A.B. asks: 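Next up is a structure, given as structure tokens.
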Amino acid sequence: MRTRALALIDVLAVLVFAAIGRRSHEEDLAIVGIAEVAAPFVLGALVGALVSRSWRDPLSWRSGVSVWLGAVVVGMLLRWAFVDTPPLSFIIVATISLAVLVLGWRGVVRAVTAVRGRRRHQEA
């Protein structure tokens, strides 16, 4: 997979997180509302990607953990600075949800890649 596409999957994961959060609080799913919620976390994910240089190996767990932690830590700090103090319950739910989304897609891609590799090896 191309590196840009993989980076976009991280952005998509954060957007899904924001959309699920808005929906669970019975807020509308307007693009602007989702973008407002997602923006600090997307910026945090970008910081994590830059710190780990995730473009070198975007499917690695190291890259995934860095993107996830960047999204959570920087995202929460930006939310605190510009919106309000996030409650502990939100911090916990966001941390777990972003882990599932940002690390989860990597796990799926890695599993599919491994299965395909085994099939090719068996067919050869």
Side-chain angles (χ1 to χ4, degrees):
M1 284 188 138
R2 298 183 63 115
T3 303
R4 286 184 188 152
L6 296 174
L8 288 176
I9 296 172
D10 280 328
V11 172
L12 180 61
V14 176
L15 289 170
V16 167
F17 157 75
I20 290 170
R22 287 185 59 83
R23 187 67 174 165
S24 70
H25 292 285
E26 299 179 0
E27 296 174 346
D28 66 34
L29 295 178
I31 299 296
V32 173
I34 293 170
E36 286 175 350
V37 172
F41 301 100
V42 169
L43 288 173
L46 176 61
V47 169
L50 291 171
V51 166
S52 69
R53 299 181 202 172
S54 68
W55 58 88
R56 291 182 174 179
D57 189 7
L59 291 177
S60 74
W61 293 118
R62 180 178 179 268
S63 292
V65 168
S66 183
V67 169
W68 165 55
L69 290 176
V72 171
V73 174
V74 174
M76 289 300 170
L77 289 172
L78 289 171
R79 184 178 167 90
W80 173 75
F82 294 104
V83 180
D84 62 3
T85 303
L88 180 60
S89 59
F90 176 73
I91 294 169
I92 292 168
V93 168
T95 300
I96 294 168
S97 299
L98 287 166
V100 168
L101 292 165
V102 171
L103 299 175
W105 75 259
R106 284 176 170 81
V108 169
V109 171
R110 290 170 64 101
V112 167
T113 302
V115 167
R116 286 183 179 170
R118 281 191 291 250
R119 284 186 186 160
R120 285 188 189 134
H121 181 69
Q122 290 173 350
E123 292 172 358

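Values reported hereafter were calculated over all heavy atoms of this structure, with side chains retained and with hydrogens, waters and symmetry mates removed. Starting from 1, each residue takes its place in the sequence as its number. These figures come from a predicted structure and were not determined experimentally.
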A.B. asks: If you group Ile, Leu, Val, Met, Phe, Trp and Tyr by side-chain heavy-atom gaps below 4.5 Å, do Val11 and Ile20 land in one group?
C.D. replies: yes
A.B. asks: Decide yes or no for Asp57 and Arg62: does some side-chain heavy atom of the first lie under 4.5 Å from some side-chain heavy atom of the second?
C.D. replies: no
A.B. asks: Who pairs with Leu8 by side chain to side chain contact (heavy atoms under 4.5 Å, CB included), at least two apart in sequence or on another chain?
C.D. replies: none
A.B. asks: Please tell me whether Leu15 and Phe90 are part of a single hydrophobic cluster in this structure, the criterion being side-chain heavy atoms less than 4.5 Å apart.
C.D. replies: yes
A.B. asks: Taking the side chain as every heavy atom from C-beta outward, state whether Leu103 and Val65 have any pair of such atoms under 4.5 Å apart.
C.D. replies: yes
A.B. asks: Can you check side-chain contact (heavy atoms from CB on, under 4.5 Å) on Leu78 and Leu43, steps first, answer last?
C.D. replies: CA-CA 9 Å; Leu78 289 171; Leu43 288 173; 4.1 Å; yes
A.B. asks: Taking C-beta and beyond as the side chain, do Arg106 and Val67 meet within less than 4.5 Å on heavy atoms?
C.D. replies: yes
A.B. asks: Just by distance, do the side chain of Arg53 and the backbone of Ala49 share a donor-acceptor pair under 3.5 Å?
C.D. replies: no
A.B. asks: So do Val112 and Val115 actually touch side chain to side chain, heavy atoms under 4.5 Å?
C.D. replies: no
A.B. asks: Any pair with a residue in residues 13-66 that passes ring pair (Phe, Tyr, Trp, His ring centres under 6.0 Å), sequence neighbours left out, goes on the list, sorted by first then second residue, please.
C.D. replies: Phe17-Phe41
A.B. asks: Please name the pair of heavy atoms, one in Val102 and one in Gly64, separated by the smallest distance, quoted to 0.1 Å.
C.D. replies: CG1-O, 3.7 Å
A.B. asks: Less than 4.5 Å apart, any side-chain heavy atom of Trp80 and any of Pro86?
C.D. replies: yes
A.B. asks: Between Ala18 and Val37, which heavy-atom pair has the shortest distance, and what is it?
C.D. replies: CB-CG1, 3.7 Å
A.B. asks: Examine Leu98 and Val42 and state if one hydrophobic cluster contains both, with Ile, Leu, Val, Met, Phe, Trp and Tyr joined whenever side-chain heavy atoms are less than 4.5 Å apart.
C.D. replies: yes
A.B. asks: Heavy-atom count check: over 12 atoms from other residues, nucleotides or ligands less than 6.0 Å from Arg23 CZ?
C.D. replies: no
A.B. asks: Any side-chain to backbone donor/acceptor pair from Arg110 onto Leu59? Under 3.5 Å, distance only.
C.D. replies: yes
A.B. asks: Could you measure the distance from the CD1 atom of Ile91 to the CD1 atom of Ile96? Nearest 0.5 Å is fine.
C.D. replies: 12.0 Å
A.B. asks: Between Thr95 and Val72, what is the shortest heavy-atom contact and its length?
C.D. replies: OG1-CG1, 3.4 Å
A.B. asks: Let me check something: do Leu50 and Leu69 share a hydrophobic cluster, defined by ILVMFWY side-chain heavy atoms less than 4.5 Å apart, either directly or through other members?
C.D. replies: no
A.B. asks: Does Asp10 reach the side chain of Trp105, with side-chain heavy atoms less than 4.5 Å apart?
C.D. replies: yes
A.B. asks: Examine the side chains of Ser66 and Ser63 and answer whether a donor and an acceptor come within less than 3.5 Å of each other.
C.D. replies: no
A.B. asks: Minimum heavy-atom separation for Ile34 to Ala19, with atom names?
C.D. replies: CD1-CB, 3.8 Å
A.B. asks: So, for Ala13 and Leu101, which heavy atoms are closest and what is the spacing to 0.1 Å?
C.D. replies: O-CD1, 3.4 Å
